[in-house]
Amino acid sequence: MHLLKIAFTLCWLSTAIYSSGQQAACFRQAGGNVTFDGSGALNEYNGYCVGELHGVKGTPEIKLALIKYLHREHGVRAVFIETGIAAAYLYNRYLQTGDTTLITKPALVYAQHEPAREFWRQLYIYNKGLKDKLTIYGMDFERMEFLKVMKLLMRKGGKVPAEIAPAIDYIMSVTVADVNSDSLIDVYDRIKSSFQYNRDAYKEYMGTATFEIAEQVLLNANTSNKFAQRNRYMQQYISTTLQKERLGRFVVFAGMNHVSKADDGSLYSRLVQKMPGRKLVSIAMTCMNCYDRQLKPGQRLAPFRGPYAYEPDSVQFKGVYSRYFDSRCKYVMIPAAVTGNSLAGSYSDYIVLMKDQGEY
């Protein structure tokens with residue numbers, strides 16, 4: 001009887017935590033869209049760091065629902081994503097114009113598969129009706145998208161100064177088909193070198209406003225040559241941008257390692273260290289019975305996917321999903337602490353539960 005009473009008490013306490021101020025929040029399917037009911041869970045924060053599963057089908061829906069919720073409820077207009085400044089320029093142009101060729105020819109990172117493209121289509125529709133528009137910020141290093149941006153910017157120029165004419169011809173003619181091509185770095189460095197050496201000529205040709213866009217892309221401090229320092233450069237870019245543009249609340253979407261609370265060198269931890277006046281939250285995605293296209297062939301259908309700090313703990317995962325997943329929701333967000341897993345709690349403040357995400 002005594003043991004039964006203790007068990008009942010523990011069960012009651014966990015339920016009380018689950019249903020009180022630290023209650024679950026539901027992502028609901030509403031027609032063709034997924035909406036997020038935050039249930040007040042995120043009210044106390046002004047910076048939201050979301051660790052995403054890049055290769056899982058449900059990720060774009062969760063991101064879209066969170067962006068809409070954070071904009072509607074908390075006025076978040078600044079959306080930082082794990083891509084370069086050039087890609088962000090193209091995404092913002094797409095959100096302004098609806099021209100799909102900006103993000104599909106070639107397909108940008110985060111627009112290479114249908115669920116991700118649907119994310120951008122729906123974000124365009126949502127943003128079109130807003131008075132306070134959303135802005136995408138690319139905080140990572142430049143990939144092959146920079147070449148498309150440079151071609152677009154160069155077409156806006158006037159009479160070509162003689163000293164940069166060969167470089168302009170090179171920019172307009174060179175192609176790189178593979179985003180991971182080693183030649184991409186060489187192309188970037190060659191154009192960057194010409195730009196740095198002939199800044200005045202480029203400014204004369206392009207005009208001040210267009211020149212400044214090219215300058216941001218070509219002088220991006222975060223480069224693939226300094227891959228190990230990405231978190232530091234991303235933090236510096238976010239901090240500088242928030243201050244320069246006087247932005248309030250913001251949201252960051254990046255791979256889960258970048259938002260780990262357990263790693264002092266993660267993007268999240270660096271932001272906390274450099275922004276003592278802001279209260280940040282770390283949110284990590286998990287998935288049960290999900291296809292993850294980023295894993296090696298033969299390992300992509302994973303029974304459990306989650307933050308790296310507790311990924312192998314399949315027993316804990318089973319308990320989390322059986323106890324906290326609500327069948328009335330498409331996805332569920334819960335405080336990491338209520339799972340009873342100390343690693344989960346040290347890694348993030350909240351975890352999002354996805355399940356049964358098939359191949360796409």
Side-chain angles (χ1 to χ4, degrees), residues 52 54-57 59-61 63-64 67 79-128 133-157 160 167-192 194-195 202 205-207 209-218 220 222-224 253-255 293-294 359-360:
E52 63 177 73
H54 289 317
V56 174
K57 185 177 179 180
T59 297
E61 285 188 332
K63 291 166 65 174
L64 181 64
I67 290 171
V79 181
F80 293 87
I81 62 176
E82 190 184 339
T83 193
I85 293 170
Y89 172 80
L90 294 170
Y91 280 130
N92 284 315
R93 285 279 306 276
Y94 168 71
L95 292 180
Q96 293 160 10
T97 66
D99 181 358
T100 57
T101 64
L102 289 163
I103 65 173
T104 60
K105 296 183 179 180
L108 306 189
V109 176
Y110 302 117
Q112 294 175 324
H113 304 284
E114 183 54 31
R117 293 184 186 183
E118 181 63 17
F119 163 86
W120 290 107
R121 282 193 288 268
Q122 293 301 323
L123 194 63
Y124 165 73
I125 294 169
Y126 178 75
N127 194 57
K128 189 176 181 180
K133 304 292 186 183
L134 298 165
T135 300
I136 306 300
Y137 294 92
M139 59 186 177
D140 206 3
F141 61 85
E142 302 304 323
R143 296 171 176 84
M144 74 183 213
E145 294 90 359
F146 92 90
L147 197 52
K148 179 168 185 172
V149 170
M150 293 308 299
K151 291 177 187 292
L152 289 173
L153 297 179
M154 292 306 166
R155 293 193 187 104
K156 297 181 178 181
V160 180
I168 299 296
D169 289 341
Y170 174 73
I171 291 170
M172 300 308 293
S173 62
V174 67
T175 58
V176 179
D178 183 1
V179 68
N180 295 313
S181 171
D182 292 337
S183 66
L184 180 63
I185 297 174
D186 296 333
V187 172
Y188 182 82
D189 288 343
R190 179 173 174 177
I191 297 172
K192 176 181 179 179
S194 172
F195 186 84
Y202 278 100
Y205 169 64
M206 303 175 75
T210 306
F211 172 85
E212 289 178 352
I213 297 169
E215 185 177 45
Q216 291 175 41
V217 171
L218 292 176
N220 185 349
N222 198 346
T223 73
S224 57
F253 293 98
R293 64 170 57 252
Q294 286 211 323
E359 183 177 356
Y360 65 99

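Nearest approach of A86 to V149, heavy atoms of both residues: O-CG2, 3.4 Å. For the pair M139 and F253, the tightest heavy-atom approach, listed with the atom from each and the gap, is CE-O, 3.8 Å. Residues L134 and N127 approach most closely at N-OD1, 2.7 Å, considering heavy atoms. Contact detail for N220 and D140: the closest heavy-atom pair is ND2-O, 2.9 Å. Heavy atoms only, all atoms of each residue included: R143 and V109 are closest at CD-CG2, 3.7 Å. Here the shortest heavy-atom pairing between E142 and I85 reads OE2-N, 2.8 Å.
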Decide side-chain contact (heavy atoms from CB on, under 4.5 Å) for Y94 and T100; before the verdict, give the C-alpha distance in whole Å, the side-chain angles of both, and the deciding distance to 0.1 Å.
CA-CA 7 Å; Y94 168 71; T100 57; 3.9 Å; yes
As a quick check of understanding, evaluate side-chain contact (heavy atoms from CB on, under 4.5 Å) for Y170 and V187, giving each step before the final call.
CA-CA 9 Å; Y170 174 73; V187 172; 3.5 Å; yes
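Put simply, the side chain of S194 never gets that close to the backbone of I191: no donor and acceptor are under 3.5 Å apart. Between the side chain of W120 and the backbone N or O of I103 there is no donor-acceptor pair closer than 3.5 Å.
Between the OG1 atom in T83 and the CD1 atom in I136 there is a gap of 10.5 Å [rounded to 0.5 Å]. Put simply, CG on L102 and OG1 on T97 are 5.0 Å apart, with the number rounded to the nearest 0.5 Å. The CG atom of L218 sits 11.5 Å away from atom CD1 of I213, with the distance rounded to the nearest 0.5 Å. Separation of atoms CD1 (I168) and CD1 (I171) is listed at 4.5 Å; rounding is to 0.5 Å. Put simply, OG1 on T210 and CD on E215 are 12.5 Å apart, with the number rounded to the nearest 0.5 Å. The line from CD1 of I185 to OG1 of T223 is 8.0 Å long, rounded to the nearest 0.5 Å.
Listed by chain and residue number, D99 satisfy the side chain to side chain donor-acceptor pair (under 3.5 Å) test with T101 (two or more places apart in sequence, or in another chain). For E212, there are no salt bridge (charged side-chain N to carboxylate O under 4.0 Å, His left out) partners two or more places apart in sequence or in a different chain. With sequence neighbours left out, E82 forms a side chain to side chain donor-acceptor pair (under 3.5 Å) with H54, R230, H258. Among residues two or more places apart in sequence or in another chain, the side chain to side chain contact (heavy atoms under 4.5 Å, CB included) test is passed with P106 by M144, K148. Not a single side chain to side chain donor-acceptor pair (under 3.5 Å) links Y124 to another residue, sequence neighbours left out. Every residue was checked against the side chain to side chain contact (heavy atoms under 4.5 Å, CB included) condition with D169, not counting sequence neighbours, and none meets it. With sequence neighbours left out, Y89 forms a ring pair (Phe, Tyr, Trp, His ring centres under 6.0 Å) with no residue at all. In this view, K63 and E52 satisfy the salt bridge (charged side-chain N to carboxylate O under 4.0 Å, His left out) rule, not counting sequence neighbours. Under the salt bridge (charged side-chain N to carboxylate O under 4.0 Å, His left out) criterion, E61 pairs with K330, sequence neighbours left out. By the side chain to side chain contact (heavy atoms under 4.5 Å, CB included) test, A214 pairs with M150, L153, F195, M206, sequence neighbours left out. F146 is linked by a ring pair (Phe, Tyr, Trp, His ring centres under 6.0 Å) to Y188, counting only residues two or more places apart in sequence or in another chain. By the side chain to side chain donor-acceptor pair (under 3.5 Å) test, E118 pairs with R121, Q122, sequence neighbours left out.
For K133, the NZ atom counts as densely surrounded, since its 6.0 Å shell holds more than 12 non-hydrogen atoms of other residues, nucleotides or ligands.
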